[in-house]
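Note that these values count all heavy atoms, side chains included, but never hydrogens, waters or copies made by symmetry. Keep in mind the model is a prediction, meaning the values are calculated, not measured.
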Amino acid sequence: MLSFEQALAELLAAARPVEEIRHVPLTAAAGRVLAAAQVSAVDVPPLDNSAMDGYALRAADVAAAGTCLPVSQRIPAGTVGTPLQPGTAARIFTGAPIPAGADAVVMQERCEHGEGGVVINHVPRPGENVRRAGEDIASGGVILAAGTRLQPQHVALAASAGLPELPVHRRVRVGLFFTGDELVQPGEPLPPGAIYNSNRYALRTLLEGLGCEVRDLGAVADTLAATRDALRRAAEDNDLIVTSGGVSVGEEDHVKPAVEAEGRLAMWKIAIKPGKPLAFGAVRKPAGGEAWFIGLPGNPVAAFVTALMFVRPFVLRLQGVADVAPRVVELRADGEWNRPDPARLEFLRARINAAGGVEFHGNQGSAVATSLCASDGLVINPPGQKIAAGDRVRFVFFAELLS
């Protein structure tokens with residue numbers, strides 16, 4: 001079996017960003033991946049401007065607190081004042097351009113109305129409360145790097161530079177289906193021996209949250225012919241096929257031989273728990289080329305964890321994201337784990353307590369879906385590693401993996 005690190009490296013080495021580029025308006029850019037670096041054609045701010053409501057003046061004209069200066073003009077935001085005459089002050093508002101000749105702004109709370117002008121109760125220094133032109137964005141500078149997964153703050157930055165649209169990679173198209181004659185849709189009667197198909201909703205919403213176009217083929221019968229047919233249909237116009245169930249070695253597990261018949265299997269069985277029977281390969285497209293394939297286990301926890309740890313980074317790389325590794329932090333264990341798997345890296349569900357320590361969920365079974373809702377993330381535990389209270393453990397938050 002491949003180690004987790006070997007398997008992930010193999011997946012990511014195979015992934016190439018989709019080549020099609022779309023230009024989208026800023027209102028539709030959040031969640032998309034930038035296809036080319038963006039350069040600002042303007043300085044932001046375009047002129048020196050005031051950081052405060054107050055009075056613009058020459059710092060040299062206020063030698064001592066209590067100096068009274070006549071007010072020569074009023075400059076609201078959006079207007080440009082006239083050059084400031086020596087020995088005078090200009091009433092100015094936040095964001096308004098600094099008039100020529102002024103070199104400081106004294107906030108209004110440090111000023112008061114006096115006979116014949118404004119009394120300055122503070123000795124300013126040159127540059128005080130002045131935002132310099134280009135101090136946020138310099139004209140000609142790169143403001144957004146290619147491969148950035150655009151968040152609202154990135155879109156706002158592009159708007160600040162006056163960019164009306166952004167070039168992004170086309171959304172990754174994912175064909176999704178599930179194997180198992182026992183699967184029933186929520187809302188339908190539940191016959192003896194059947195279970196509701198929770199993986200459909202976990203995986204579909206996860207993929208859509210990553211910005212994919214998901215083509216949901218539903219549940220597929222537990223036969224080799226049905227599985228091969230589903231693979232062919234999913235390969236037609238998708239970049240990636242994701243399945244759940246049927247990747248083990250039972251008599252009703254047909255995904256592995258179906259992929260081998262319709263394409264190629266590059267990887268099968270990973271030294272992780274949960275999620276050992278994970279598969280990776282490709283399926284031939286009818287018109288030529290291949291669609292990538294990732295087969296996940298059927299147990300709900302195993303499917304969810306392997307989707308987070310393998311499908312997520314693979315999809316992000318297909319979208320053009322370079323850095324796909326989630327942030328892993330070291331935290332204190334406030335509990336024990338005395339049953340480590342001797343040969344497999346474990347993803348242990350755990351929550352963060354009020355003291356900032358990690359507490360392990362009491363049932364680490366791969367079918368216990370409630371453990372996912374009761375946990376804040378996963379402890380990544382090396383093979384054979386026991387954990388005692390007070391040990392430092394590596395922890396990744398679900399919030400990090402779902403973003």
Side-chain angles (χ1 to χ4, degrees), residues 11-24 28-35 147 149-150 166-180 183 185 197 199-221 223-247 254-267 278-296 303 306-307 310-321 324:
L11 257 75
L12 295 181
R16 296 289 183 274
V18 294
E19 294 182 354
E20 296 175 48
I21 295 174
R22 308 285 169 81
H23 287 79
V24 300
R32 306 296 292 271
V33 178
L34 196 62
R149 190 163 179 240
L150 296 166
L166 293 171
V168 297
H169 291 282
R170 170 181 57 77
R171 293 188 186 276
V172 173
R173 298 167 182 150
V174 182
L176 182 65
F177 69 85
F178 309 85
T179 67
L183 298 177
Q185 289 303 110
N197 185 3
N199 287 348
R200 181 179 193 180
Y201 300 92
L203 298 180
R204 178 168 179 164
T205 53
L206 171 63
L207 289 164
E208 289 175 340
L210 291 172
C212 298
E213 288 183 10
V214 179
R215 284 77 181 270
D216 188 343
L217 280 69
V220 173
T223 68
L224 180 60
T227 307
R228 291 185 63 176
D229 178 67
L231 287 172
R232 286 192 294 269
R233 287 186 287 122
E236 283 186 21
D237 56 358
N238 291 308
D239 307 298
L240 170 67
I241 302 168
V242 175
T243 67
S244 173
V247 290
H254 302 292
V255 172
K256 179 177 179 288
V259 173
E260 291 172 328
E262 297 294 332
R264 57 190 175 88
L265 199 63
M267 182 194 310
L278 181 133
F280 172 65
V283 176
R284 292 186 298 274
K285 290 176 175 284
E290 293 180 323
W292 293 112
F293 167 82
I294 300 179
L296 306 178
T306 50
F310 289 99
V311 176
R312 173 190 174 272
F314 190 76
V315 163
L316 291 178
R317 187 61 60 84
L318 290 180
Q319 290 176 333
V321 179
V324 299

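Residue pairs meeting the salt bridge (charged side-chain N to carboxylate O under 4.0 Å, His left out) criterion with at least one partner in residues 11-23, sequence neighbours excluded, are Glu20-Arg22, Glu20-Arg170.
Arg312 contributes no side-chain N or O that, together with a main-chain N or O of Ala307, makes up a donor-acceptor pair within less than 3.5 Å. Arg171 contributes a side-chain N or O that, together with a main-chain N or O of Gly211, makes up a donor-acceptor pair within less than 3.5 Å. His169 places a side-chain N or O within donor-acceptor distance of the main-chain N or O of Val18, the cut-off being under 3.5 Å. For Arg215 (side chain) and Asp237 (main-chain N/O), a donor-acceptor pair under 3.5 Å exists by modelled atom type. Judged purely by atom type and a 3.5 angstrom limit, Asn197 has no side-chain atom pairing as donor or acceptor with the backbone of Gln185. Distance alone, capped at 3.5 Å, places no donor-acceptor pair between the Glu290 side chain and the Arg264 backbone. Distance alone, capped at 3.5 Å, places no donor-acceptor pair between the Thr227 side chain and the Val255 backbone.
The one candidate from Leu207, Leu203, Thr306 that meets the side chain to side chain contact (heavy atoms under 4.5 Å, CB included) condition with Val311 is Leu207.
We find the CD1-CZ distance between Ile241 and Phe293 to be 7.5 Å, quoted to the nearest 0.5 Å. In this structure, the separation between CG on Leu217 and CZ on Arg233 is 4.5 Å, given to the nearest 0.5 Å. Once rounded to the nearest 0.5 Å, the distance linking CG of Asn238 with NZ of Lys285 reads 6.5 Å. Atoms CG and CG, on Leu318 and Leu210 in that order, are 11.0 Å from each other to the nearest 0.5 Å. One finds the CG atom of Leu176 at 10.0 Å from the SG atom of Cys212 (value rounded to the nearest 0.5 Å).
The shortest non-hydrogen separation linking Val259 to Leu265 is CG1-CD1, 3.9 Å. Residue Ala230 comes nearest to Val220 through the heavy atom pair CB-CG2, 3.7 Å, listed as atom of the first residue, atom of the second, then distance. In terms of heavy atoms, Pro167 sits closest to His23 at CB-NE2, 3.7 Å. The nearest pair of heavy atoms linking Ala15 to Arg317 is CB-CG, 3.5 Å. Ala235 approaches Val283 most closely through the heavy-atom pair CB-CG1, 3.8 Å. Closest approach of Ala303 to Asn199, counting heavy atoms only: CB-ND2, 3.7 Å.
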Exercise for the section: Just do the side-chain contact (heavy atoms from CB on, under 4.5 Å) check on Asp239 and Val174 with the steps written out, would you? Expected result: CA-CA 6 Å; Asp239 307 298; Val174 182; over 6 Å; no

Practice task
Let me see the working for Arg32 and Val24 under side-chain contact (heavy atoms from CB on, under 4.5 Å), right down to the final yes or no.
Solution key: CA-CA 9 Å; Arg32 306 296 292 271; Val24 300; 4.0 Å; yes

Exercise for the section: Given side-chain contact (heavy atoms from CB on, under 4.5 Å), test Met267 with Leu11 step by step and report yes or no. Expected result: CA-CA 9 Å; Met267 182 194 310; Leu11 257 75; 3.2 Å; yes

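A 4.5 Å side-chain heavy-atom check between Leu316 and Arg149 finds at least one atom pair inside the cut-off. Considering only heavy atoms from C-beta on, Leu278 comes within 4.5 Å of Leu296 through its side chain.
A salt bridge is defined here as a Lys NZ or Arg NE, NH1 or NH2 lying under 4.0 Å from an Asp or Glu carboxylate O, and Arg200 with Asp216 meets this definition. Checked for salt-bridge contact, Glu236 and Arg232 miss the test: no charged N lies under 4.0 Å from a carboxylate O.
If you look at Phe310 and Phe280, their ring centroids are not closer than 6.0 Å.
Partners of Phe177 under the ring pair (Phe, Tyr, Trp, His ring centres under 6.0 Å) rule, at least two apart in sequence or in another chain, do not exist in this structure.
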